[in-house]
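These notes are about the structure you will find just below.
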2 protein chains.
Amino acid sequence: MNIEKRSGCPINLSLEIMGDKWSLIIIRDMMFGNRRHFRDLLTHSQEKIASNILAARLKHLLSVGLISKQDDPSHSQKAIYSLTEPAIQLVPLLAMMGGWGRKHLPVTPELSIRAELLENGGPVMWEKFMSELRDIHIKDPIGGASGKVVSPVLIDLTAAYRQICATMAETD
Amino acid sequence: MNIEKRSGCPINLSLEIMGDKWSLIIIRDMMFGNRRHFRDLLTHSQEKIASNILAARLKHLLSVGLISKQDDPSHSQKAIYSLTEPAIQLVPLLAMMGGWGRKHLPVTPELSIRAELLENGGPVMWEKFMSELRDIHIKDPIGGASGKVVSPVLIDLTAAYRQICATMAETD
DNA sequence: AACAACCAGTTGCAAATCGCAATTGGTTGG
DNA sequence: CCAACCAATTGCGATTTGCAACTGGTTGTT
């Protein structure tokens, strides 16, 4: 993760810090799945990231200021990872990326329900979601990680996800 | 460029085809710089891509359907690369990525003027630009590559870019 | 016809990165 | 005391990256 500087173009600089196959996956899981611990991110993701790569990416994301890290008071060994303001402002980008993928790529329905809801919700929903993310990642990261503070939009998104998964299972 | 399939999540699938440091740079140059030939993309980009990597990426982008390739009638050896409809629909994503980078990263002013104009123009400008891209990449790729068919939005963007570059040079 | 400049790539090779599996040193709860 | 869990780290082979040089061919000029 050396600091290159190919050019000062905004798109290039963005790609230099998140233009790889894992960084945005991790941010996605923290953002939409509220995965806040190493073990959570390691095991509960669809894409089966390796532990050394997860460690390297987290270090990288920390170094570029997209996430923050703090001790979990409930468990001296646990660390809580949280999104920073710049990462929260990636919500529209991820929403659009999801929308684009849903339109042009062979997505599976149960995994794209979140993207669909977020796309339909539009900028108004994005703003609401971002505001809630600030509550559980910046204002009260500990409460947010433990589930004591919640995000209604996040609950809606995961509820819809669970429902569609149940429907799919039923038809088997 | 093997075909993985880590998951059917829209964001993941999008990252699997453009989640690297070069694919979107190439699409950016084709889109905003109207670079349509191998040599053009190789030499006129800020980031100095190596020729073997450019060749590999173009092959990859062709295989996933983001660009198309055809012979240049004016030169039997030249090939014209054009954006396909899915790639043109990345305009909002690239606009947002530029906007995000401009806000959070140490961009250079002359290279971010395009991102700023595109951001200020909003969805209305994006649609207009996309419509013009369809003219010069899909409807008449040969005329578009040779400059016989033009995109007014593109001209505005590059004019502003040239003007800012001139202003910067003046102050040296 | 000769020749330089240009065309889209390819090849060889060293360095860096990726990804899997196993392991580390420590903490927690029963 | 011990099994389960915690955030990583290590070893190592496979893959990818990036540089430099080169290939076989075309075009424009003289």
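Order of the sequence lines fixes the chain letters, A, B, ..., with proteins taken first and strands second; residue numbering starts at 1 for each chain. Below, all heavy atoms of this structure are taken into account, side chains as well, without hydrogens, waters or symmetry copies.
- Side-chain atoms of B/Phe38 lie closest to C/dA8 of the nucleotides D/dA7, C/dA8, D/dT26.
- Residue B/Lys48 qualifies as enclosed at atom NZ: its count of foreign heavy atoms under 6.0 Å is above 12.
- The separation between B/Ile53 atom CD1 and D/dA20 atom C1' is 12 Å, rounded to whole Å.
- At C/dT17, none of the side-chain N or O atoms of B/Lys21 fall inside 4.0 Å of OP1 or OP2 (strictly under the cut-off).
- The phosphate of C/dC18 has neither OP1 nor OP2 within less than 4.0 Å of any side-chain N or O from A/Trp22.
- The CG atom of B/Asp72 sits 9 Å away from the P atom of C/dA8 (whole-angstrom rounding).
- The backbone N or O of B/Val153 sits less than 3.5 Å from a side-chain atom of B/Glu132, completing a donor-acceptor pair.
- We find that CG of B/Leu42 is positioned 14 Å from P of D/dG18, with the value rounded to whole Å.
- Comparing A/Lys59 and B/Asn52 by the nucleotide of DNA chain D that holds the closest heavy atom to each, the one mapping nearer the 5' end is A/Lys59.
- Proximity of A/Ile49 to A/Leu41: side-chain heavy atoms (C-beta onward) are nowhere separated by under 4.5 Å.
- At whole-Å resolution of the value, CD1 in B/Ile25 and C1' in D/dG18 are 16 Å apart.
- In this structure, the CG atom of A/Leu62 is 9 Å from the P atom of D/dA8, given to the nearest Å.
- Both A/Asp20 and A/Ser51 sit near DNA chain C, but only A/Asp20 has its closest nucleotide nearer the 5' end.
- Under a 3.5 Å cut-off, the side chain of A/Glu119 and the backbone N or O of A/Gly98 do not form any donor-acceptor pair.
- Interface remark: the B/Ser76 side chain does not form any donor-acceptor pair with the D/dT27 base, using a distance-only criterion of under 3.5 Å.
- The side-chain hydrogen bond (donor to acceptor under 3.5 Å, both in side chains) test with A/Asp72 singles out one residue from A/Lys78, A/His37, A/Gln77, A/Arg36, and that residue is A/His37.
- Look at NE2 on A/His37: it is 14 Å from C1' on C/dT27, rounded to the nearest Å.
- Across the protein-nucleic acid pair, A/Lys78 atom NZ and C/dT28 atom P stand 11 Å apart, rounded to whole Å.
- The distance from atom CZ of B/Arg6 to atom P of C/dC18 is 12 Å, rounded to the nearest whole Å.
- In the set C/dC7, D/dT9, C/dT27, the nucleotide with an atom closest to the side chain of A/Ala55 is D/dT9.
- Considering only side-chain N and O atoms, B/Arg39 lies nowhere under 4.0 angstrom from the phosphate OP1 or OP2 of C/dG9.
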